[in-house]
Number of protein chains: 2
Amino acid sequence: MEDSAASKRSVTVADVAKAAKVSKATAARVLGGYGVVSDKIKDQVMAAAAALEYRPNELARSMSTGRSGIIGVVVGDIENAFFSLAVRGISDAARLAGYNVIIANSGEKLDAEKSAVDLLIGKRVDGLIVTPARCDGMDHLHHVRRAGVPLVLFDRSIPELGVDAVTGDDRDAAITATRYMVDRGHRHLAYISAMDDEDGGLIDTGRISNSAVRERVEGFVSVLKEAGLPNPLCSVRFGATDQQQTDAVVRRLLSEASPPTALLASDSLVGLRIFRSLQSLGLSIPSDVSMISFLDADWTSVTVPPITVIDQRVYDMGKLAGERLVARIERTPLAVERLRVGTSLVVRGSVAAPGR
Amino acid sequence: MEDSAASKRSVTVADVAKAAKVSKATAARVLGGYGVVSDKIKDQVMAAAAALEYRPNELARSMSTGRSGIIGVVVGDIENAFFSLAVRGISDAARLAGYNVIIANSGEKLDAEKSAVDLLIGKRVDGLIVTPARCDGMDHLHHVRRAGVPLVLFDRSIPELGVDAVTGDDRDAAITATRYMVDRGHRHLAYISAMDDEDGGLIDTGRISNSAVRERVEGFVSVLKEAGLPNPLCSVRFGATDQQQTDAVVRRLLSEASPPTALLASDSLVGLRIFRSLQSLGLSIPSDVSMISFLDADWTSVTVPPITVIDQRVYDMGKLAGERLVARIERTPLAVERLRVGTSLVVRGSVAAPGR
DNA sequence: CTGAAAGCGCTTACAG
DNA sequence: CTGAAAGCGCTTACAG
């Protein structure tokens, strides 16, 4: 017990060198696995290192080499299945390339995102993957570029930044899902997102600061327009940030003059909340209200009815982002581009013709 | 584009010092926020730092101070809701105390756990929280202690190690849940876990290497014994690692001479798989088979019927572990102990009297 | 209050 | 193949 109480100075190359009776440089060479050393001496050093339980100080190593071997990832909310799946994809790609990952949460707040980025830059990460909370406000990201740290955007793109982005095909996905519902006869639809409520309702889709949401909304709206349905912008609702807010959004929607008969949920958290709202209102799916949710989250397949979803292949998105960043770190010559990962509609049982 | 292509040398205290026309030491003092500096000079330095976009190199800082400000966390699987919730609790506690968190996955494999621990020690984390894959095989954890790095065990305890552990009250939780089912008349029960199958069936609960599972199984078995039910050990099944394996386990169980009428799932992933297995077998819950799952995962409340669960307060567990580790890092005098976070049974609709 | 020097534990030329 | 020295960017005594 007492032996661990005092945080003793850890054993260094110098200690190993002394024990092995060689110079620091020689010990460092075998311990660091670089340069050339005779087998005999190598064995000596290894034996000494093992005896002393030497563990390299990666901090010092990074200081000398200028590489930390760490990839920084800033996500919106690690508890969201979307992000934890993405992080696994990123981690897998990173590990394969010999990098480790350090994760920070922004809570989708610009301020938190800024400090997370600063922190990671401070730790001298070799590269950064970030899910920008807003596609305006990007000074901190410009700074990352100026600092020469490779950057890949995830899930959302900011063309003005001139960096790679890995996203879904959000517009197409929204179009497919919306059309699917329109084709089944729905004339009153609503799109529901957890984004902060733009006060005063949505005037202009171009002003939505999250590019993924913007493109989905644009896809949604375009289908409504092409079907000749009125006021498509009024069918887009924000603010479904928690169960209570979602209940309010859904209740307000359903008490309108022409209530929607079909709902499109912007992510699986919103989808789950909508499901609960409808359930608590005693409405049944799909006979009273149809719904489709983004993301093939686990809960969507075990409800009654199971939920029709847009499968986003988030793991692949994460993996691709990780691979892309590694390529950048290693200076592979590559044009800056936006990589889109395709989605597909998984038809289950939550959409029917508008009923009664 | 070209300006970011070359990863330019980053700006250092020396650069700022030169621009502010002061010594390195002085610049370092204001930039590092230590020592005393006149307001006038402080302003000069800050202005220069802002102009140059100085960002401290935390690596160098850590080298000098011997503190990294990082807490390392090794979890079984970050995609498991149990761990992502725990990580949020840990992160919150860490952030509050001014620490950052770096997460590594072990996939519940001892080897991966060992390298993750080595890696984190190499990065000179200030402390470590680990979910030991096995409660035997703990050389690497002994080494952590010998290196003087504070360590807190999460979810599972290893008394021989003499370090703090934060766990649930697994035995009591299992007892409560099992009793609940026995009290409703069940005489044939089974406990199902995703742990690797011990070849040859379970002989001795003491040999289960994961203490959380062991204690749950012991609780489960003790209730069966006290109810005078035969062969309690045979009612414990491992290997429900994925859907296919779980289907096999469930099918085997239900085809026995006296098939179980009530199932206890060791975690929410296993619970979900069991739910699907039963569903695909056309069995209904609870009229054909009753079930209870550990962890109040989101899917459990939206199924039909909603699932009766053991609510584990995982966020609190994580927070407590984080706080405890911080206290250790900061040398708060505290006895080594095992902290148990209480659980509660959330009764929903998945248990009924054994029917038919 | 400010500065010059040493040191943290590595790696990287540069000699021998 | 091996060693002595300088340097990475900070902080920390030690002087002045």
Side-chain angles (χ1 to χ4, degrees), chain A residues 7-46 48-49 52-70 119 121-126 147-148, chain B residues 7-46 48-49 52-70 119 121-126 147-148:
Chain A
S7 161
K8 65 219 24 162
R9 205 180 56 74
S10 45
V11 1
T12 70
V13 282
D15 299 323
V16 176
K18 189 180 298 176
K21 297 180 197 312
V22 297
S23 74
K24 259 177 50 182
T26 303
R29 276 192 268 264
V30 1
L31 264 14
Y34 53 89
V36 209
V37 186
S38 69
D39 284 358
K40 179 161 165 290
I41 297 236
K42 191 179 286 181
D43 292 347
Q44 266 176 58
V45 173
M46 291 308 258
L52 297 174
E53 294 195 308
Y54 170 78
R55 292 288 187 288
N57 183 332
E58 299 293 346
L59 251 37
R61 197 169 265 181
S62 300
M63 284 260 352
S64 304
T65 59
R67 301 183 355 105
S68 64
I70 300 183
L119 179 106
I121 294 285
K123 302 277 185 217
R124 292 302 185 263
V125 293
D126 290 339
Chain B
S7 161
K8 60 214 33 156
R9 204 181 55 76
S10 46
V11 1
T12 71
V13 283
D15 300 322
V16 175
K18 188 180 300 177
K21 298 179 195 312
V22 299
S23 74
K24 259 177 50 183
T26 302
R29 275 192 270 264
V30 1
L31 264 14
Y34 53 88
V36 209
V37 187
S38 70
D39 283 357
K40 179 160 164 292
I41 297 236
K42 189 178 287 179
D43 291 349
Q44 265 176 58
V45 174
M46 290 307 258
L52 296 174
E53 294 195 306
Y54 170 77
R55 293 289 189 287
N57 183 332
E58 299 292 346
L59 252 37
R61 196 170 266 179
S62 301
M63 284 258 355
S64 304
T65 60
R67 302 183 352 105
S68 64
I70 300 184
L119 178 106
I121 294 284
K123 301 276 183 219
R124 292 302 186 264
V125 293
D126 291 339

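Here is the naming used below: chain letters follow the sequence lines, and residue numbers restart at 1 for every chain.
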**OP:** Any chance you could measure S10(B), atom OG, to E53(B), atom CD, to the nearest 0.5 Å?
**Re:** 12.0 Å
Subject >> Heavy-atom side-chain contact between P56(A) and R61(A) under 4.5 Å >> reply: yes
Subject >> Interatomic distance, K18(A) NZ vs dT2(D) C1' [rounded to whole Å] >> reply: 19 Å
**OP:** For dA13(D), give its Watson-Crick or G-U wobble partner with both distances under 3.5 Å, or none.
**Re:** none
**OP:** Identify the nucleotide, in any strand shown, that forms a Watson-Crick or G-U wobble pair with dA4(C), with both distances under 3.5 Å; if there is none, say none.
**Re:** none
**OP:** Let me have a per-nucleotide readout for nucleotides 9-16 of chain C, 5' to 3', with B, S or -, counting only protein heavy atoms under 4.0 Å.
**Re:** BBBBB---
Subject >> Touch class at under 4.0 angstrom, heavy-atom based, for V37(B) against every strand present >> reply: sugar-phosphate
**OP:** Identify the heavy atoms of R124(B) and R55(A) that sit nearest to each other, and give their distance.
**Re:** NH2-O, 3.4 Å
Original post:
Between dT2(C) atom C1' and D39(B) atom CG, what is the distance in whole Å?
Top reply: 15 Å
**OP:** Quickly work out the I41(A) CD1 to dT2(D) P distance and round it to whole Å.
**Re:** 4 Å
**OP:** State the CD-OG distance between E58(A) and S62(B), to the nearest 0.5 angstrom.
**Re:** 13.5 Å
Original post:
Pick one: which of T26(B), V22(B), D43(B) meets side chain to side chain contact (heavy atoms under 4.5 Å, CB included) with V37(B)?
Top reply: T26(B)
Original post:
Between atom CD in E58(A) and atom C1' in dC8(C), what is the gap in whole Å?
Top reply: 16 Å
**OP:** Considering just the side-chain nitrogens and oxygens of T26(B), establish if one lies under 4.0 Å of OP1 or OP2 belonging to dG3(C).
**Re:** yes
Return a table of donor-acceptor pairs under 3.5 angstrom between the side chains of residues 11-20 of chain A and protein atoms on other chains or two or more places apart.
| unit_1 | atom_1 | unit_2 | atom_2 | d |
| --- | --- | --- | --- | --- |
| T12(A) | OG1 | A14(A) | N | 3.2 |
| T12(A) | OG1 | D15(A) | N | 3.4 |
| T12(A) | OG1 | D15(A) | OD2 | 3.4 |
| D15(A) | OD1 | R9(A) | NH2 | 3.3 |
| D15(A) | OD2 | R9(A) | NH2 | 3.3 |
| D15(A) | OD2 | T12(A) | N | 2.8 |

